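Contents: one structure, followed by commentary.
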Protein chains: 2
Amino acid sequence: MSQQRTGPTDGPDFPDLPEATVARLPEYLRALHHLAEEGHDTVSSEGLAAAAGVNSAKLRKDLSHLGRTGTRGVGYDVTLLIDQIEQVLGLTHRRAVALVGVGNLGHALAGYAGFGSRGFRIAALFDADHGRVGEHINGLVVRHIDDLPEVVDEESISIAVIATPAHAAQNVADRLVAAGVTSVLNFAPCVLNVPEGVDVRKVDLAIELQILSFHEHRKSALTALPGRAGQDLQRADRLGAEAVGS
Amino acid sequence: MSQQRTGPTDGPDFPDLPEATVARLPEYLRALHHLAEEGHDTVSSEGLAAAAGVNSAKLRKDLSHLGRTGTRGVGYDVTLLIDQIEQVLGLTHRRAVALVGVGNLGHALAGYAGFGSRGFRIAALFDADHGRVGEHINGLVVRHIDDLPEVVDEESISIAVIATPAHAAQNVADRLVAAGVTSVLNFAPCVLNVPEGVDVRKVDLAIELQILSFHEHRKSALTALPGRAGQDLQRADRLGAEAVGS
DNA sequence: GTCTGTGAACCGCTTCACAGCC
DNA sequence: GGCTGTGAAGCGGTTCACAGAC
């Protein structure tokens, strides 16, 4: 092979991380920034794990995939670890993001400060409704979705957020992909069909509530019973987090 | 034991589902409603799996946990399966939900129609800012967070959504739990510390984008290389969904 | 023949427990 | 002595492949 698969050993190059680890790195990053603000220079796996809501063995294994990051007997250097994680996540430059659909939810997302402070810049807003085109939101002008190809190209956008109604989402996704977008965050409650090489993540608010509903349902079923069965409740919560008082 | 752990065999009682299955049932439910609207009476595991963006073996195994649900040689009865899943998820009655924090995002969530149509009713809005208390949003009046215990009790609320800034979230969670809430959907970018028996799910928009950023970073690292390494791109997308044109 | 339900193999992730370095 | 990095064991979930009901 012309280029070896870069192992986890050498520094700034590209390790091949387990998907579960990738999903947790952003949480570690957030916790680390919080620790840095509080003036910590260094943190133990135990401390960082608590701040991120995971157990310390998992954290250590996750970080071990990044190469040598900590110091035995001491812990992790906070700012160094922040740099390493941002490096791996590709957050060394601020990525431009397009947002499609400026209805109820899209409006809120367009104004969400958390994007700006955590590596992203909302670079363009789109809507299919001519009545909304031209509206100013948070310093940006809403453009018509027909302008997608042009703007995606100008702003070098590779990530887009879909906040349209479900019935419009597939069409929007198709147009985004055609324009060159290769990652999509989908808030519409539907499955998107995209070609290979395009990543889709989905956030469905009602689904989250329905999952909670299941657990509520179970809890009330169990507590309704006396005795032995009630004790199962102690097994019932899977998500009781420890950690970080703000 | 005084009460046997109810197996997956008998109908309306309470099966003990794998967490991964629970997380997918809502997606099946959404797909089924869509199929029902289109007039389908019955659907094969293949068809439903496609509409929900999973593979058919997984779907069949998931549904097998609910007891006998399909008919061999035929498929699944759409309306029957909807009933069974809603039963299991505890969606037979519309659950009251409290929403805390009516800023940017909270405002949008308060107006989100998807909650209403999928088993939930936003029963109360809260904010700590006296300037916002009294405001009308979508037919509801914003109340002060001090009224939490009273309202949670009156409306029999067991699920709450936190849409406050991160620094306020832990305090809000504590108050919610004290008021009797046992499930929380947290939009604030922080870890919540809650007692055993309380479930927390977290949605962090910036984290979703950061995960996508990682994949973008990897894709560009790979496509920058010619030859062998570029072929790995075909392994790179984990989420290319098939299915359901709307 | 068709399509579901399911044991068995497989795989990835988590957890344990400790060796190795500070 | 303290804390990280990591093989090994354990566990849950996914996939395979086919038996069995229609």
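What's counted below: heavy atoms across the whole structure, side chains too, no hydrogens, waters or symmetry copies. Everything quoted here is computed from the prediction, not taken from an experiment. Just so we're on the same page: letters track the sequence lines, and every chain starts at 1.
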Below 4.5 Å, heavy atoms only, C-beta onward: do [X] and [Y] meet side chain to side chain?
| X | Y | answer |
| --- | --- | --- |
| A:Thr164 | A:Val100 | yes |
| B:Phe214 | A:Leu25 | no |
| A:Leu105 | B:Tyr112 | no |
| A:Arg218 | A:His215 | yes |
| B:Asn186 | B:Arg201 | no |

Check [X] against [Y] and note the closest heavy-atom contact, atom names and distance.
| X | Y | value |
| --- | --- | --- |
| A:Val200 | A:Val194 | CG2-CG2, 3.7 Å |
| A:Val191 | B:Ala51 | CG2-O, 3.4 Å |
| A:Lys61 | A:His65 | O-ND1, 3.1 Å |
| B:Ser45 | B:Arg60 | OG-NH1, 3.2 Å |

Counting any heavy atom closer than 4.0 Å, what does B:Thr69 reach on the DNA or RNA strands: base, sugar-phosphate only, or nothing? sugar-phosphate
Please list, for nucleotides 18-22 of chain C, all pairs of protein and nucleotide N/O atoms separated by less than 3.5 Å.
{"unit_1": "C:dG20", "atom_1": "N3", "unit_2": "A:Arg72", "atom_2": "NH1", "d": "3.1"}
{"unit_1": "C:dC22", "atom_1": "O4'", "unit_2": "A:Arg72", "atom_2": "O", "d": "3.4"}

Looking at DNA chain C, which of residues 20-29 of chain A put a heavy atom within less than 4.0 Å of it? A:Ala20, A:Arg24
Going 5' to 3' along DNA chain D, which nucleotides are the first and last within contact of chain B (any atom under 4.0 Å from a heavy atom)? D:dG13 to D:dC22
For the pair made of [atom1] in [X] and [atom2] in [N], what is the distance, rounded to whole Å?
| X | N | atom1 | atom2 | result |
| --- | --- | --- | --- | --- |
| A:Leu59 | C:dT15 | CG | C1' | 14 Å |
| B:Tyr76 | C:dT2 | OH | P | 18 Å |
| A:Asp62 | C:dC13 | CG | C1' | 10 Å |
| A:Lys58 | C:dC13 | NZ | C1' | 8 Å |

Kindly say if A:Asn55 contacts the phosphate of C:dT14, meaning a side-chain N or O under 4.0 Å from OP1 or OP2. no
Between B:Glu27 and B:Arg24, does any side-chain N to carboxylate O distance fall below 4.0 Å? no
In terms of the nearest nucleotide of DNA chain C, which residue is placed more toward the 5' end: B:Glu46 or B:Lys61? B:Glu46
From the list A:Asp204, A:Ile207, A:Leu209, side-chain contact (heavy atoms from CB on, under 4.5 Å) partner of B:Pro26 resolves to A:Ile207
